2 protein chains.
Amino acid sequence: MNQLKQLLSSSKLKATHQRMVILEAVKSNKVHPTVDQVYESIREANPGISLATVYKTLETFVENGLINKVSTTEGLKRYDSNLGAHGHIYCLNTNEIIDYYDEDLNRIIIDFFKTKRINNLKIKNISLNINGDKLDPAKEVIIK
Amino acid sequence: MNQLKQLLSSSKLKATHQRMVILEAVKSNKVHPTVDQVYESIREANPGISLATVYKTLETFVENGLINKVSTTEGLKRYDSNLGAHGHIYCLNTNEIIDYYDEDLNRIIIDFFKTKRINNLKIKNISLNINGDKLDPAKEVIIK
DNA sequence: GTGTTTGCAAAAGCTTTGCAAAGTT
DNA sequence: AACTTTGCAAAGCTTTTGCAAACAC
């Protein structure tokens, strides 16, 4: 709890109860939740926190680099608390978004962009999107 | 014009005037337009085509593999008529989405996934997203 | 002629806003 | 005390829907 407070303070954000609850909720959610999923996940324990606050707070976190947005093709905002370099697996049949990271691939891509030039662009980050179907929707996707 | 008709017929879609106009509009638009941008681009020449039709038609095209959706973090749908394997450059200051393709990178990534396994997933396609800032928003991004 | 597609207007879903009250430092 | 954040309800977008009329084959 005090860690969250520190995290907020270091971004010069006031450590309100709402922000702590919401930050905790996104951080512990590994499915790249929508605003509504975050809201629902805290609602029972915090019936007083409004949906509008969840909207505003998540955007504030993004602006301050505490979390990121994930791209989707569905026209819905989804958030990601994993700040490390990583890609995503988009599961076309279950709609899940699963983190993907591979040390070797990361190296390969970084090396590649050392040799290629993109003029007039300052690259902020690069991510790989894998689209696929879960063969058995009940089972997990396992990356080896 | 007859090419569009053929394209539609080969997907077993009736070649209506609306579909031809909309398909032509997405195909000639390189900026990965939103629904509204497609609508605006045809409106003057085709005041009778309704926004609802543009919505429905673009989704029909995606379902039939004539175009694709592009992922965004803004919670808006955007479309792409480039069907080849390629990635995107997301320009954080201008909001443009620019196609990116490199033969070598494509090879490297394909080779990589021949050696790595992702269990329980059937990969449909892989794309690379580059996020960055245009240094001079007036100039084009040039990929060398 | 049969079945599909369109336009309209209404509804539904997602997100933002304005402002007074409450909270943080 | 000064300034920021919250909740509410309303407004603003984006997208979908139901259905009768129009259209393609």
Side-chain angles (χ1 to χ4, degrees), chain A residues 1-2 4-23 25-26 32-43 45-64 66-67 69-79 95, chain B residues 1-2 4-23 25-26 32-43 45-64 66-67 69-79 95:
Chain A
M1 240 338 179
N2 239 320
L4 294 175
K5 205 161 192 165
Q6 297 227 322
L7 202 51
L8 291 169
S9 303
S10 66
S11 294
K12 305 205 190 317
L13 294 175
K14 299 201 166 162
T16 64
H17 174 237
Q18 290 87 333
R19 284 180 176 160
M20 309 251 262
V21 169
I22 295 169
L23 190 52
V26 210
H32 307 84
T34 61
V35 176
D36 206 61
Q37 286 168 342
V38 172
Y39 176 63
E40 286 303 330
S41 75
I42 63 171
R43 203 151 83 89
N46 306 269
I49 300 181
S50 80
L51 181 57
T53 297
V54 179
Y55 271 98
K56 284 184 255 196
T57 304
L58 290 172
E59 282 302 305
T60 303
F61 289 168
V62 171
E63 283 158 22
N64 288 275
L66 265 49
I67 62 176
K69 288 196 218 189
V70 186
S71 37
T72 70
T73 57
E74 325 138 47
L76 254 188
K77 291 186 179 171
R78 292 178 67 162
Y79 296 86
N95 240 359
Chain B
M1 234 348 177
N2 239 318
L4 295 175
K5 205 161 190 164
Q6 297 227 324
L7 201 52
L8 291 169
S9 303
S10 66
S11 294
K12 305 204 191 318
L13 294 175
K14 299 198 167 162
T16 64
H17 175 237
Q18 290 86 335
R19 282 181 178 159
M20 310 252 261
V21 169
I22 295 169
L23 190 51
V26 211
H32 307 86
T34 61
V35 177
D36 206 61
Q37 285 168 342
V38 173
Y39 176 64
E40 286 301 331
S41 75
I42 64 170
R43 205 150 83 90
N46 306 269
I49 299 181
S50 80
L51 181 57
T53 296
V54 179
Y55 271 99
K56 285 184 253 193
T57 303
L58 290 171
E59 281 305 304
T60 303
F61 290 168
V62 171
E63 283 158 22
N64 287 274
L66 265 47
I67 62 175
K69 289 197 220 190
V70 186
S71 29
T72 70
T73 57
E74 325 138 48
L76 255 189
K77 292 186 179 170
R78 292 177 69 160
Y79 296 86
N95 240 0

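Since we're looking at a predicted model, the values are computed, not measured. Chain letters run A, B, ... following the sequence lines, proteins first, then strands; residues in each count from 1.
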Handout entry: Nearest non-hydrogen partners of B:Lys69 and A:Thr73, listed with the distance
Key = CD-O, 3.4 Å

Completion exercise
Picking from D:dT6, D:dT14, C:dT25, the nucleotide nearest the side-chain atoms of A:Thr53 would be D:dT6

Problem - Residues B:Lys5, B:Leu8; criterion side-chain contact (heavy atoms from CB on, under 4.5 Å); working and verdict - result: CA-CA 5 Å; B:Lys5 205 161 190 164; B:Leu8 291 169; 5.9 Å; no

Completion exercise
Testing C:dT5, D:dG18, D:dT6 for proximity to the side chain of B:Lys56, the answer is D:dG18

Handout entry: Integer-rounded Å distance: D:dC13 P and B:Asp36 CG
Key = 11 Å

Problem - Nearest-0.5 Å distance, CG of residue B:Leu13 to CE of residue B:Met20 - result: 12.5 Å

Problem - Whole angstrom value for the distance that separates P of D:dT16 from CG of B:Leu58 - result: 11 Å

Practice task
Consider the side chain of B:Leu76, meaning its heavy atoms from C-beta on, and name the nucleotide among D:dT14, D:dT6, D:dT17 that approaches it most closely.
Solution key: D:dT14

Exercise for the section: Take the protein atom CD of A:Glu59 and the nucleotide atom P of D:dT5, then report the distance between them rounded to whole Å. Expected result: 15 Å

Problem - Euclidean distance, atom NE2 of residue A:His17 to atom C1' of D:dT4 [Å, nearest integer] - result: 18 Å

Exercise for the section: Give a yes/no answer on whether the side chain of B:Gln18 brings an N or O atom under 4.0 Å of OP1 or OP2 in C:dG7. Expected result: yes

Practice task
Please determine if a side-chain N or O atom of B:Ser50 lies less than 4.0 Å away from the OP1 or OP2 oxygen of C:dG7.
Solution key: yes

Exercise for the section: Please determine if a side-chain N or O atom of B:Thr34 lies less than 4.0 Å away from the OP1 or OP2 oxygen of D:dT14. Expected result: no

Handout entry: d(CG, B:Leu4; C1', D:dA24) in whole Å
Key = 17 Å

Exercise for the section: Could you tell me whether B:Gly48 contacts a base, only the sugar-phosphate backbone, or nothing, with contacts defined as non-hydrogen atoms closer than 4.0 Å? Expected result: sugar-phosphate

Exercise for the section: For A:Arg78 and A:Val70, indicate whether the former's side chain and the latter's backbone hold a donor-acceptor pair under 3.5 Å. Expected result: no

Exercise for the section: Starting at atom OH of B:Tyr79, determine the distance to atom C1' of D:dT15, rounded to an integer number of angstrom. Expected result: 9 Å

Practice task
Examine C:dT16: is either OP1 or OP2 under 4.0 Å from a nitrogen or oxygen in the side chain of A:Tyr55? Give yes or no.
Solution key: no

Problem - B:Leu51 side chain, from C-beta outward: closest of D:dC8, D:dT15, C:dA9 - result: D:dT15

Practice task
Figure out the CG/P separation between A:Asn46 and D:dT6, and round it to whole Å.
Solution key: 13 Å

Exercise for the section: Over all heavy atoms of both residues, which pair between A:Val35 and A:Tyr79 is shortest? Give the atoms and the distance, please. Expected result: CG2-CE1, 3.7 Å

Handout entry: Residue whose closest nucleotide on DNA chain C lies nearer the 5' end, B:Gly75 versus B:Lys14
Key = B:Lys14

Exercise for the section: Under 4.0 Å between any heavy atoms, over every strand shown, what does A:Lys77 touch: base, sugar-phosphate, or nothing? Just pick one. Expected result: sugar-phosphate

Problem - Most 5' of B:Val35 and B:Thr16 on DNA chain D, judged by nearest nucleotide - result: B:Val35

Fill in the blank from the handout: Rounded to whole Å, NZ of B:Lys69 lies from P of D:dT14 at a distance of 16 Å

